[in-house]
Amino acid sequence: MISFSNVYKRYPNGFEALKNIVFTIKQGEMVFITGNSGAGKSTLLKLIGAIERPTTGSIIVNDQNVSKLKNSAIPFLRRNLGMVFQGQKILFDRSVFDNVVLPLQICGFEHQSAAGRVRAALDKVGLLGKEKALPITLSGGEQQRLCIARAVVNRPSILIADEPTTYLDPSYTKDIMNMFKSFHQVGVTVLITTPAAELLESPQYRILSLSHGELVT
Amino acid sequence: MWLSHHWHAFFLALRRLVDSPLASLLNIIVIGVAFSLPTGVYMLLGNVQSFSGQLSGAPQLNVFLKLGTGKDAIEKLKSHLKQHPQIASFRFLSKDKALEQLKQKNGMADAVNSLTRNPLPDAFIIDAKSISPETLKRLRTEMLKWPDSKHVQLDSDWMERLNALLKLGQIALLILTALLSFALIVVTFNTIRLQILTKRNEIEVSKLIGATSNFIRRPFLYFGAIQGVAGGAIAWLIVALVINLINSELTNLVQLYTVDFQLHHISFEDSISLLLFSSWLGWAGSWLSVASHLWQIEP
Ligand SMILES: Nc1ncnc2c1ncn2[C@@H]1O[C@H](COP(=O)(O)OP(=O)(O)OP(=O)(O)O)[C@@H](O)[C@H]1O
Ligand SMILES: [Mg+2]
């Protein structure tokens, strides 16, 4: 469950990126967040992962009050979140396998069971044959899928993706959307931002629209 | 799980070492050369100490009694010495025996035989329990106060001078160690600082996917410790090499004299301490570096 109440985010330079945000996403829901560039979509996701802190208001993620979380508790919050970031954040000096295994190493998994999980995650995103490849040799869509594999390898209950399909051509977009839908079908809460609502071919899902830092419905 | 974290950090640190072999090697050699200095000085001090101990044994006190000291007085002194808490053993050398010994010496027999009267005093030759110069001096003044003693001879002047020199050497060693330890910390600090800068992306990503600061810090700490141990080992090897060179020269030299003098390396325990100390310094250097640089990287 993700719940925002009266959340404001003002950046240090004084810019108010989010104003009075209120919403609740239930466990297992799949939700899209749309809005123009600069509307505050990334900021909203960063608040969920405690990458940024709200100026006022409270944010509850899986019964934890993220806005009041101590710095030392943040890593453990993030381990329960699968996050796919805008701008990818891939380690290009490591193989595909080593990139995906990183969250498991952080949690202290044994090498054997970690390897099994990594292969399962790569299989889900269709990259199983490329585990030894270096990320630089992957296409844009494949790199995006690598990020998704890394986000789900730890089997998080919440999956967050910031514009996962922006620079991809339509066939890739469909592929990746289907991937998220399949995670949703096995009970994962999925939260995806996309810049424009008209790109969505899935009217059955809930959409939160942001405009200049405010929710419009 | 805890163990697997440490293995992971250890291997990551090793891989970082191997990934930039030249830089690591240079660092390790710099640390090693720096540390070979205090190690070498320590080794020399140890050798000088054990050599001087070998030469002199424990210094002895010779108490010469006044001529004409009676048998009763001597017996009294003997029982006094037996009970003295600071005296390990003693030997009474009567004047007759002393004369006898003198006669045995080459060329002295005629001279001794020509004497009409024994000019030698009775004497005690005393081994103290402690060889510290202070104790020996105290014993000496005490014995000088005996009514029957005429002269107390203590062969400790050169020992004292040597001790003073050794003390000076120890102070020099302390200063040298402090300075070079500081240098080692600085070298490691800088290495780790550069490493953190080049690993910025990796650190950021790790934080984003839930790495604790400990998890991120650990490989750097291991790196510093490994570099420190390796530097310590190099220092040990440099000193071993120098000892080898000097010893082969010494064998030529000491054949001219009749003493057997070979340099020995620092003891096993001291070697282990050296490695522990250098790894601790490396660890401390990287800890300082991590503490002052890691927080700047926030996702
Ligand atoms: N660290 C920051 N400091 C100051 N202002 C910021 C910071 N990050 C974002 N902003 C501002 O906040 C607003 C919202 O940014 P955000 O990244 O959330 O937009 P977005 O909806 O994700 O846009 P896009 O679709 O381009 O990714 C923007 O106007 C941006 O300039
Ligand atoms: Mg954005």
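Within every chain, numbering begins at 1; the chains are lettered A, B, ... in the order of the sequence lines, protein sequences first and strands thereafter. Any value given below was found using the heavy atoms of this structure, including those in side chains, with hydrogens, waters and symmetry copies removed.
- We find the CG-CD1 distance between B:Leu208 and A:Ile74 to be 11.0 Å, quoted to the nearest 0.5 Å.
- More than 12 heavy-atom neighbours from other residues, nucleotides or ligands sit within 6.0 angstrom of CD on B:Gln296.
- Pairs of residues two or more places apart, or lying in two chains, that qualify as side-chain hydrogen bond (donor to acceptor under 3.5 Å, both in side chains) and include a residue from residues 186-195 of chain B are B:Asn27-B:Thr191, B:Asn190-B:Arg193.
- Within 6.0 Å of the CZ atom in A:Phe92, the count of heavy atoms belonging to other residues, nucleotides or ligands exceeds 12.
- Counted within 6.0 Å of CZ on B:Phe215, heavy atoms from surrounding residues, nucleotides or ligands total more than 12; the atom is thus considered enclosed.
- Residue-environment remark: CG (B:Asp19) exceeds the threshold of 12 foreign heavy atoms within 6.0 Å.
- Contact detail for B:Asn201 and A:Ile90: the closest heavy-atom pair is ND2-O, 3.5 Å.
- With respect to B:Ile209, the side chain to side chain contact (heavy atoms under 4.5 Å, CB included) criterion is satisfied by exactly one of A:Arg150, A:Arg78, A:Lys89, A:Arg79: A:Arg150.
- For the atom pair CD (B:Glu202) and CG (A:Asp93), the distance works out to 6.5 Å, reported to the nearest 0.5 Å.
- There is no contact between A:Leu81 and chain B, counting heavy-atom distances below 4.5 Å.
- With a 6.0 Å radius and a threshold of 12 heavy atoms from other residues, nucleotides or ligands, B:Arg15 has its CZ atom at or below the threshold.
- When heavy atoms are compared at a cutoff of 4.5 Å, B:Ser213 does not approach chain A at all.
- In this structure, chain B has a heavy atom under 4.5 Å from the side chain of A:Phe85, while its backbone stays farther away.
- Heavy-atom contacts from other residues, nucleotides or ligands closer than 6.0 Å to NZ of A:Lys19 number more than 12.
- Neither the backbone nor the side chain of B:Ile216 comes within contact range of chain A, judged by heavy atoms closer than 4.5 Å.
- For the atom pair B:Lys207 NZ and A:Ile106 CD1, the distance stands at 11.5 Å (nearest 0.5 Å).
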